[in-house]
Amino acid sequence: MKVDRMIGILSILLQQEKVTAPYLAEKFEVSRRTINRDIEALCMAGIPLVTEPGQNGGVSIMEGYKIDRTVFTTQDMQAILAGLRSLDSISGTNQYQQLMEKLSAGASNLIAGDTHILIDLSSWYKSALSPKIELLHNAILSTNKVTFTYHSPKGESQRTIEPYDLIFQWAGWYLWGWCERREAFRLFKLMRMTDLVLGEAFEKRAVSLPDLSPKFLFSPQFPVTAKVDPVYKWRLVEEFGPESFHVLPDGMLLFSAEFYDRQSVVGWIVSFGGGAELLEPAELRQEVFRFAESIYKKYSPLSE
């Protein structure tokens, strides 16, 4: 929309001293002629824009002219508020709500009581998670190392990390940092950390955010095919999507997806009790049998 584009152009001019018409045309994916018309419309609306030709020319706001730099619509402010409230859900404070009040000073009419979007980034373990996030956030800001015990399927280990980013992904919180033990950047799940201690200061190194796509972090190795009782259709839809299965003539659901390790395959199948049968890979059927046999022996009255 023209109005949205004009607000976008004005927002850019408020943040940058001067920009070129070709830059704006590329930014908003329109022609230079369209940008020129938008600039003329802004001038007619009372915004004194200056255009300078030549190699170092461009579009800028007239020097000395003052304008409110918070060019937000009601929807813009509601989206910002929803994001800030989501951070309060894990901080255990209302510091981000207070930040929102500062941003909206003089524009309280832009913040309505009904936000329509509520985001809770905390978890069932909020009392244990929030202090970790606060400690790690402070460590990132102060460039201090962090030492902790890390619990993984391979066992426990002591780690000293240069922390760089806190990341919320896959419904969980992670730390991205330089691991002294591995001499490489690693991703650590916060709920697997215990005994966190703030360490000495470090000098920041060049860092980029990790590729968080599942296929990059977890290489799929096990294409799985299974027959699932239709009473568990809701699980397939929730966990893998409606495209992950189709209905067989007998009403059973033929499911197919890729898993990242054999333990996940076995655990997922047995979580259905007798409501799912693993068809492929055939070599894991025996592992499912052995797992079920061990459970039977443990809970059988004859074993008491």
Side-chain angles (χ1 to χ4, degrees), residues 1-89 95-119 121 137 140-141 164-169 176 185 204-216 241:
M1 294 177 61
K2 180 178 179 179
V3 174
D4 291 340
R5 188 173 61 249
M6 290 172 63
I7 292 176
I9 292 172
L10 184 56
S11 297
I12 291 175
L13 292 173
L14 288 170
Q15 303 302 321
Q16 301 184 40
E17 184 176 344
K18 184 186 298 183
V19 296
T20 65
Y23 168 83
L24 293 174
E26 181 179 356
K27 183 79 173 178
F28 294 100
E29 299 180 345
V30 295
S31 67
R32 290 182 59 178
R33 180 175 295 181
T34 298
I35 292 297
N36 290 335
R37 285 198 296 264
D38 290 341
I39 291 173
E40 291 176 5
L42 285 169
C43 290
M44 292 176 63
I47 307 297
L49 301 183
V50 179
T51 57
E52 300 177 35
Q55 184 176 0
N56 297 319
V59 184
S60 62
I61 297 176
M62 180 182 293
E63 186 176 353
Y65 183 80
K66 293 184 178 180
I67 185 172
D68 184 3
R69 291 177 177 267
T70 308
V71 187
F72 293 130
T73 65
T74 300
Q75 288 184 337
D76 293 336
M77 295 293 277
Q78 293 292 358
I80 293 171
L81 180 58
L84 293 175
R85 281 178 171 168
S86 71
L87 292 175
D88 272 342
S89 71
Q95 58 179 319
Y96 295 101
Q97 173 66 35
Q98 294 171 0
L99 173 59
M100 188 69 246
E101 292 171 356
K102 292 179 183 178
L103 288 173
S104 62
S108 57
N109 61 308
L110 292 179
I111 302 183
D114 188 2
T115 65
H116 304 294
I117 299 177
L118 299 176
I119 305 171
L121 297 179
H137 187 217
I140 292 170
L141 294 177
Y164 285 89
D165 295 286
L166 281 167
I167 301 170
F168 183 79
Q169 183 84 353
W176 177 245
F185 282 99
K204 280 191 173 183
R205 63 185 76 220
V207 59
S208 59
L209 286 174
D211 182 349
L212 296 177
S213 59
K215 289 189 176 181
F216 176 80

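We use all heavy atoms of the structure for the numbers below, so side chains are in, but hydrogens, waters and symmetry mates are not.
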Spacing of Glu29 atom CD and Thr34 atom OG1 [to the nearest 0.5 Å]
12.5 Å

Find out whether Trp176 and Val207 are in side-chain contact, i.e. whether some heavy atom of one side chain is under 4.5 Å from a heavy atom of the other.
yes

I need the Asp38 CG to Ile9 CD1 distance, nearest 0.5 Å.
4.5 Å

More than 12 heavy atoms from other groups under 6.0 Å of CD on Glu26
no

Counting neighbours of CZ on Arg33 that are heavy atoms of other residues, nucleotides or ligands and sit closer than 6.0 Å, is the number greater than 12?
no

Work out which heavy atom in Glu17 is nearest to a heavy atom in Ser60; give both atom names and the distance.
O-CB, 3.1 Å

Let me confirm one number: the SG-CE distance from Cys43 to Met62, rounded to the nearest 0.5 Å.
8.5 Å

Hey, what do you get for CD1 (Ile140) to NZ (Lys204), rounding to the nearest 0.5 Å?
8.0 Å

Heavy-atom pair with the smallest gap, counting every atom of Thr20 and Gly57:
CG2-O, 3.9 Å

Gap separating the NE2 atom of His137 from the CG atom of Asp165, nearest 0.5 angstrom:
10.0 Å

Rounded to the nearest 0.5 Å, what's the gap from CG on Leu24 to CG on Leu13? Could you check?
6.5 Å

Answer yes or no: is there a side-chain heavy-atom contact under 4.5 Å between Val50 and Val59?
no

